[in-house]
Trainee: 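Mind having a look at this structure? Questions to follow.
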Amino acid sequence: MPELPEVETIRGGLEKKIVGLTIKKVDICAPKSFIGKAQEVQGKKVIKVWRRAKMLGIDLTTGPAGGSSRPMSSLNAAGTRRDSLRPRHPSLALLFHLKMTGQLVLDDRKWKVEGGRMVGGHPTPDMRDAMPNSHTRVVFSFSDGSRLYFNDQRRFGWVKVVQSSELGVQGLFEKLGPEPLEKEFTWQILKQNLLKHKSTPIKSGLMDQQVVSGVGNIYANEACFNARIDPRARSLELSNAQFKKLHQGVVKALRDGIKHGGSTRAHFVDSEGHRGYFLDYAYVYGRDEHPCKICQTEIKKVTLGGRGTYFCPACQR
DNA sequence: TGCCCCCTGCAG
DNA sequence: CTGCAGGGGGCA
C-alpha cells in the first residue's frame with residue numbers, strides 16, 4: 001500500500017511512541033512474513049525510527065538492553081537526510097516493507113488484567129479493524145505493555161532483521177534512486193534518470209524506484225497532473241521546462257500526501273489506526289469519470305504497465 | 001522492456 | 001465468475 005507519504009506518516013507516529021521502549025517479545029503468526037531470528041531483537045531497545053524509500057526501519061541497541069549504540073539511520077522527522085549518506089555504524093535494525101496492504105499499528109492502551117478480563121482504553125472506530133485480527137502477521141510486545149501489530153492481508157510485505165552492513169551502498173538500498181524530498185533530488189537528476197528509459201511512459205518511470213525512490217501509483221498520477229504532463233508521454237519528448245515542472249510536481253504531490261496523513265484507498269491506516277485523507281484532495285487518482293477539478297473535463301483512466309493511470313485529457317498534454 | 005507471479009478480498 | 005487493488009522481484 002504505502003508509498004512514501006504513508007510510510008512517513010507511520011514513521012512519525014511510531015517515533016513519538018516507541019523510542020526508548022524495549023522489545024520484550026516477538027510473536028510470529030506468519031513465518032514467511034518474518035525474515036531472520038526473532039531472538040536477536042528480543043530485549044533490545046528502540047533508539048530510532050526511520051524511512052528509506054517505502055521501507056521503514058527501527059534501529060535497536062546492539063548490546064544487552066541499555067547498551068549504547070548509534071542510530072543506523074539518516075532521516076529526520078521531515079524525511080530529509082541529516083547526517084549524510086554513510087558510513088553507517090554497526091548496529092541492528094528491523095526493516096519493514098509494507099507492499100500493498102501492510103499496516104503497522106501501535107496498540108498503546110495499557111492493558112491490565114482485572115478479574116481475568118482485559119481492561120484498557122477504547123479503540124478509535126478506524127482502529128478497530130487494525131487491532132489484532134486474521135491479518136496480523138507479527139506482534140511486537142514492548143516493555144511498557146504496548147504492542148506493535150504488523151498486519152498484512154495479502155502477505156506481500158515483510159519484516160527483516162538486518163545489520164547495518166546489509167544496507168547502504170552495497171546492500172538492500174544499493175539500487176534505490178534519490179530521496180525525492182532531499183536536496184539530492186534535482187530536476188536534472190530526474191531528467192537524467194528518466195532518460196535511461198526513453199520509451200517508457202513518464203508515469204511508469206516515476207514509479208521506478210531506481211529513478212526516484214518512494215513514488216508509487218497514486219503519487220505518480222498526481223505528479224503528472226501537477227506538472228500538466230500526459231502520463232503516457234515518453235521522456236524523450238519532454239522539454240527541460242517540463243522536467244522542471246515534473247520535478248516540482250513530484251515534490252508537491254508527496255508533501256501534500258504527508259500533509260493530509262497519506263492516502264487511504266482501502267487498507268492504509270497510520271500507527272494509531274487512523275486513515276489518511278489525501279485522496280480527498282487528489283486531482284486525478286481514482287477520479288475517472290469525474291470532472292477535472294480545474295477544467296471540468298472528464299478524467300480518463302487507462303492502463304500503463306498494468307497499473308491504473310488517471311489523467312485529465314485537457315489539462316495534461 | 002513487458003508479463004507473470006507472490007496473496008487475499010471486494011466490487012461489478 | 002472476472003477483474004482489479006498504495007509493490008516489486010524474476011524471467012523471457
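Every chain is numbered from 1, with letters handed out A, B, ... down the list of sequences.
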Trainee: Can you tell me how far C1' in dC1(C) sits from the matching atom in dC6(B), rounded to whole Å?
Mentor: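 Each nucleotide's C1' atom is 22 Å from the other's.
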Trainee: Which residues satisfy the salt bridge (charged side-chain N to carboxylate O under 4.0 Å, His left out) test with Glu298(A), sequence neighbours excluded?
Mentor: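 If we apply the salt bridge (charged side-chain N to carboxylate O under 4.0 Å, His left out) test to Glu298(A), skipping adjacent residues, the hits are Lys300(A).
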Trainee: Given atom CG of Asp152(A) and atom P of dG7(C), what is their separation to the nearest angstrom?
Mentor: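 Result: 13 Å.
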Trainee: Specify the separation, in whole Å, of atom CD1 of Ile202(A) and atom P of dT1(B).
Mentor: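 To the nearest whole Å, that distance equals 12 Å.
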Trainee: With rounding to whole Å, what would you report as the distance between dC11(C) and dC7(B) at their P atoms?
Mentor: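 Each nucleotide's P atom is 16 Å from the other's.
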Trainee: I'd like a table of atom pairs between the protein and nucleotides 1-5 of chain C - only N or O on both sides, under 3.5 Å - with the distance next to each one.
Mentor:
residue	atom	partner	partner atom	Å
dA5(C)	OP1	Lys301(A)	NZ	3.2
dA5(C)	O4'	Arg265(A)	NH2	3.1
dA5(C)	N3	Arg154(A)	NH1	3.2

Trainee: To the nearest 0.5 Å, what is the distance between CD (Gln210(A)) and CD (Glu174(A))?
Mentor: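 So the CD of Gln210(A) and the CD of Glu174(A) are separated by 9.5 Å.
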Trainee: Counting only side-chain nitrogens and oxygens, does Gln209(A) get under 4.0 Å of the OP1 or OP2 atom of dG8(C)?
Mentor: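 Result: yes.
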Trainee: Pairs counted as Watson-Crick or G-U wobble with both distances under 3.5 Å: what dot-bracket string results for DNA chain B, using | for bases tied to another strand?
Mentor: ||||||.|||||
Trainee: For Asn151(A) and dC7(B), what is the distance between atoms CG and C1' respectively, to the nearest whole Å?
Mentor: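 Rounded to whole Å, this separation is 15 Å.
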Trainee: Starting from P on dT1(B), measure out to CE on Met207(A) and report it in whole angstrom.
Mentor: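 Distance, rounded to whole Å: 16 Å.
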Trainee: If I take atom CG in residue Leu206(A) and atom P in nucleotide dG6(C), what distance separates them, rounded to the nearest angstrom?
Mentor: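 My rounded result for the distance is 15 Å.
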Trainee: Please report, to 0.1 Å, the donor-acceptor pairs under 3.5 Å made by any side chain of residues 279-289 of chain A, with sequence neighbours excluded.
Mentor:
residue	atom	partner	partner atom	Å
Arg287(A)	NH1	Tyr283(A)	O	3.1
Arg287(A)	NH1	Pro291(A)	O	3.1
Arg287(A)	NH2	Pro291(A)	O	3.0

Trainee: Is the distance from OP1 or OP2 of dG8(C) to the nearest side-chain N or O of Lys175(A) less than 4.0 Å?
Mentor: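 Answer is no, no contact under 4.0 Å.
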Trainee: Grab the CZ-C1' distance between Phe96(A) and dG8(C) for me, whole Å please.
Mentor: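 So the two atoms are 19 Å apart, to the nearest Å.
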Trainee: Would the distance check show the side chain of Thr22(A) and the main-chain N or O of Gly43(A) forming a donor-acceptor pair, the cut-off being under 3.5 Å?
Mentor: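 No, the answer is negative, given that no donor and acceptor are paired below the 3.5 Å cut-off.
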Trainee: Which residues satisfy the side-chain hydrogen bond (donor to acceptor under 3.5 Å, both in side chains) test with Lys252(A), sequence neighbours excluded?
Mentor: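 Applying side-chain hydrogen bond (donor to acceptor under 3.5 Å, both in side chains) to Lys252(A) gives Asp256(A).
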Trainee: Can you identify which nucleotide, out of dG7(C), dG6(C), dC7(B), has its nearest atom closest to the Lys54(A) side chain?
Mentor: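 When the side chain of Lys54(A) is considered, dG7(C) is the closest of dG7(C), dG6(C), dC7(B).
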Trainee: Return the residues of residues 189-198 of chain A meeting this criterion: a heavy atom under 4.0 Å from some atom of DNA chain B. Order them by number, or give none.
Mentor: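 Lys196(A), His197(A) - these, ordered by number, are the residues of the stretch whose heavy atoms sit under 4.0 Å from the strand.
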Trainee: What does the list of N/O pairs under 3.5 Å between the protein and nucleotides 9-12 of chain C look like, with a distance for each?
Mentor:
none

Trainee: Mapping Arg155(A) and Pro201(A) onto DNA chain B by nearest heavy atom, which one lands closer to the 5' end?
Mentor: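 It is Pro201(A), whose closest nucleotide lies nearer the 5' terminus.
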Trainee: Treating Gln316(A) as the side-chain partner and Cys312(A) as the backbone partner, does any N or O pair qualify as donor plus acceptor under 3.5 Å?
Mentor: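 Yes, because the side chain of Gln316(A) sits within donor-acceptor range (under 3.5 Å) of the backbone of Cys312(A).
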Trainee: Would you call Phe156(A) stacked on dC6(B), i.e. ring centres under 5.5 Å apart with the planes less than 30° off parallel?
Mentor: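 So yes, this residue stacks on that base, both cut-offs being met.
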Trainee: Send over the distance from Lys203(A) NZ to dT1(B) C1', rounded to a whole Å.
Mentor: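 In whole Å, dT1(B) C1' and Lys203(A) NZ are 16 Å from each other.
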Trainee: Phe156(A): which residues meet the ring-ring contact (aromatic ring centres under 6.0 Å, His included) condition with it, sequence neighbours left out?
Mentor: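 Checked Phe156(A) against ring-ring contact (aromatic ring centres under 6.0 Å, His included); zero matches.
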Trainee: Could I get the full list of side-chain hydrogen bond (donor to acceptor under 3.5 Å, both in side chains) partners for Lys203(A), not counting sequence neighbours?
Mentor: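 Once residues adjacent in sequence are excluded, the partners of Lys203(A) under the side-chain hydrogen bond (donor to acceptor under 3.5 Å, both in side chains) criterion are Asn217(A), Thr309(A).
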Trainee: Grab the CH2-C1' distance between Trp158(A) and dG8(C) for me, whole Å please.
Mentor: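 Whole-Å distance recorded here is 11 Å.
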Trainee: Taking O4'-C1'-N9-C4 for purines and O4'-C1'-N1-C2 for pyrimidines, is dG6(C) syn (within 90° of 0) or anti?
Mentor: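 Classified syn.
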Trainee: The criterion is ring-ring contact (aromatic ring centres under 6.0 Å, His included); which residues satisfy it with Phe278(A), sequence neighbours excluded?
Mentor: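 For Phe278(A), the residues satisfying ring-ring contact (aromatic ring centres under 6.0 Å, His included) (neighbours in sequence not counted) are Tyr219(A).
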Trainee: May I ask you to check if Arg265(A) and Phe268(A) form a cation-pi contact, with NZ or CZ under 6.0 angstrom from the six-membered ring centre and within 45° of the axis?
Mentor: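 Geometry flag: not set, cation outside 6.0 Å or 45°.
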Trainee: As an exercise, state the distance from CD1 of Ile47(A) to OG1 of Thr62(A), rounded to the nearest 0.5 Å.
Mentor: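 Spacing of CD1 (Ile47(A)) from OG1 (Thr62(A)) equals 7.5 Å.
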Trainee: Would you say Ile229(A) and Met207(A) are hydrophobically clustered, going by side-chain heavy atoms of ILVMFWY under 4.5 Å?
Mentor: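 Cluster IDs for Ile229(A) and Met207(A) differ.
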Trainee: My understanding is that only residues two or more places apart in sequence, or in another chain, count here; which of them pass ring-ring contact (aromatic ring centres under 6.0 Å, His included) with Trp187(A)?
Mentor: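 Trp187(A): no ring-ring contact (aromatic ring centres under 6.0 Å, His included) contacts found.
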Trainee: If the condition is side chain to side chain contact (heavy atoms under 4.5 Å, CB included), which residues does Glu40(A) pass it with, not counting sequence neighbours?
Mentor: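 Counting only residues at least two positions away or on another chain, Glu40(A) forms a side chain to side chain contact (heavy atoms under 4.5 Å, CB included) with Lys37(A), Leu92(A), Val161(A), Gln163(A).
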Trainee: Under a 3.5 Å distance rule, please check whether Lys17(A) uses its side chain to pair with a backbone N or O of Leu14(A) as donor and acceptor.
Mentor: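 Here the side-chain-to-backbone pair does not exist.
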Trainee: Determine the Euclidean distance between corresponding P atoms of dG6(C) and dG12(B); express it in Å to zero decimal places.
Mentor: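 Each nucleotide's P atom is 16 Å from the other's.
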Trainee: Give me the distance, rounded to whole Å, that separates dG8(C) from dC10(B) when you measure between the C1' atoms they each carry.
Mentor: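 Rounded to whole Å, the distance is 23 Å.
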Trainee: For atom P, what is the distance between dC4(B) and dT2(C), given to the nearest Å?
Mentor: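 It works out to 16 Å between them.
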